[in-house]
Amino acid sequence: MDRIRLNARAKINITLDVLGKRDDGYHELSMIMQTVNLCDNLTISADESGAIEMSSNYSWLPCDERNLVYRAAALMKETYGIKKGISIHLEKNIPVAAGMAGGSSDCAAALIGIRNIFRIKASDTELMALGKTLGADVPYCILRGTALAEGIGEKLTQLPPFPNTTVLIAKPPINVSTAAVFGSFDMSKVEKRPDNALMTELIKNKDLEGICKNMCNVLESVTVSNYPIIASLKKAMLENGALGSLMSGSGPTVFGFYENYEKALNALRYIRKKYGIREVYITTVFNTSR
Ligand code: ATP
């Protein structure tokens with residue numbers, strides 16, 4: 001096996017709560033994450049060059065140390081003494097800088113792919129510990145499925161599988177800096193906070209209606225006032241058949257849950273026409289078989 005192809009799936013936030021600020025400047029979070037089937041594709045091969053080569057379908061995406069995939073390859077080489085070359089092609093489909101953990105998921109897939117191709121005896125738990133040094137969301141992207149993420153996102157508790165649902169995803173063409181969103185987050189401006197214990201129960205009972213009623217992301221308190229298109233997209237999804245709609249992560253991506261593909265397709269057509277947004281996708285939730 002000298003070549004391997006992997007899917008690197010995106011995530012959405014069913015909830016996101018900020019509990020406080022730590023001494024190191026990071027925020028203490030408590031959030032329920034869900035993997036979706038919208039994914040990037042990585043093709044990884046081993047060669048005799050000894051070097052790391054990376055390419056991508058997006059010419060503007062850096063393919064050097066600035067890319068988490070490249071850094072994953074360098075870390076695997078260093079940690080496990082891999083002498084051979086590693087060549088990786090990344091096909092991006094997940095919107096970039098969107099609150100969907102695209103880069104972290106690519107990084108997780110690179111760690112797993114390199115482990116498998118070189119038959120390295122490292123457990124997922126070991127890879128999660130390595131991945132944490134590259135990004136807080138990387139361990140979750142290795143675990144995947146439905147999980148409660150605490151700390152800065154790296155402390156994970158696996159939750160029961162999410163009810164099978166069609167998901168519409170829309171990434172408005174605006175740049176939202178994660179650091180700026182957290183920087184202007186003000187707890188006193190938060191009107192509603194998620195109840196993660198209740199949400200866990202609702203997920204366990206596969207109560208999609210209850211889930212939709214209780215989805216909540218406190219970072220909307222920052223982004224919705226700064227970027228009116230986020231509230232407008234949520235409204236458009238709800239008016240076009242969504243059972244519930246929320247911003248994912250620090251935004252600006254908005255997602256909606258739909259009863260079936262046809263309803264999601266109607267909403268997709270409406271959103272493409274009204275907003276002229278290109279990055280609109282229909283996908284489904286992904287549950288692991290663990
Ligand atoms: P999160 O949900 O964790 O905040 P995100 O969706 O906001 O993630 P990403 O798409 O992961 O953000 O990437 C944000 C930045 O990271 C981009 O500006 C990009 O230059 C850099 N980056 C590094 N590696 C990757 C990668 N493999 N794919 C996309 N962006 C990457």
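Counting from 1, the numbers follow the sequence of the chain as shown. Atoms within each ligand, like the ligands themselves, are counted from 1 in listed order. Bear in mind the structure is a predicted one, so any value in this text is a computation, not a measurement.
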Legend entry - Check: Phe255 ring centroid to Tyr281 ring centroid under 6.0 Å: no
Legend entry - Results of salt bridge (charged side-chain N to carboxylate O under 4.0 Å, His left out) for Lys235 - residues two or more places apart only: Glu239
Inset, instruction - Output every pair passing salt bridge (charged side-chain N to carboxylate O under 4.0 Å, His left out) with a member in residues 4-14, not counting sequence neighbours, ordered by first then second residue. - result: none
Legend entry - side chain to side chain donor-acceptor pair (under 3.5 Å) partners for Glu78, two or more places apart: none
Inset, instruction - Please round to the nearest 0.5 Å and tell me the distance separating atom NZ of Lys171 and atom CD1 of Ile94. - result: 13.0 Å
Legend entry - Side-chain donor-acceptor contact under 3.5 Å, Asp2 with Ser45: no
For ligand 1, list all ligand N or O to protein N or O distances below 3.5 Å, rounded to 0.1 Å.
{"unit_1": "ligand 1", "atom_1": "2 (O)", "unit_2": "Met100", "atom_2": "N", "d": "3.3"}
{"unit_1": "ligand 1", "atom_1": "2 (O)", "unit_2": "Ala101", "atom_2": "N", "d": "2.8"}
{"unit_1": "ligand 1", "atom_1": "3 (O)", "unit_2": "Asp137", "atom_2": "OD2", "d": "3.0"}
{"unit_1": "ligand 1", "atom_1": "6 (O)", "unit_2": "Ala98", "atom_2": "N", "d": "3.1"}
{"unit_1": "ligand 1", "atom_1": "6 (O)", "unit_2": "Gly99", "atom_2": "N", "d": "3.1"}
{"unit_1": "ligand 1", "atom_1": "6 (O)", "unit_2": "Met100", "atom_2": "N", "d": "3.2"}
{"unit_1": "ligand 1", "atom_1": "6 (O)", "unit_2": "Ala101", "atom_2": "N", "d": "3.4"}
{"unit_1": "ligand 1", "atom_1": "7 (O)", "unit_2": "Ala98", "atom_2": "N", "d": "3.3"}
{"unit_1": "ligand 1", "atom_1": "7 (O)", "unit_2": "Gly99", "atom_2": "N", "d": "3.1"}
{"unit_1": "ligand 1", "atom_1": "10 (O)", "unit_2": "Ala97", "atom_2": "N", "d": "2.8"}
{"unit_1": "ligand 1", "atom_1": "11 (O)", "unit_2": "Gly103", "atom_2": "N", "d": "2.7"}
{"unit_1": "ligand 1", "atom_1": "12 (O)", "unit_2": "Ala97", "atom_2": "N", "d": "3.4"}
{"unit_1": "ligand 1", "atom_1": "24 (N)", "unit_2": "Asn67", "atom_2": "OD1", "d": "3.3"}
{"unit_1": "ligand 1", "atom_1": "24 (N)", "unit_2": "Leu68", "atom_2": "N", "d": "3.0"}
{"unit_1": "ligand 1", "atom_1": "27 (N)", "unit_2": "Asn67", "atom_2": "OD1", "d": "2.9"}
{"unit_1": "ligand 1", "atom_1": "27 (N)", "unit_2": "Asp106", "atom_2": "OD2", "d": "3.0"}
{"unit_1": "ligand 1", "atom_1": "28 (N)", "unit_2": "Lys92", "atom_2": "NZ", "d": "3.0"}
{"unit_1": "ligand 1", "atom_1": "28 (N)", "unit_2": "Asp106", "atom_2": "OD2", "d": "3.4"}

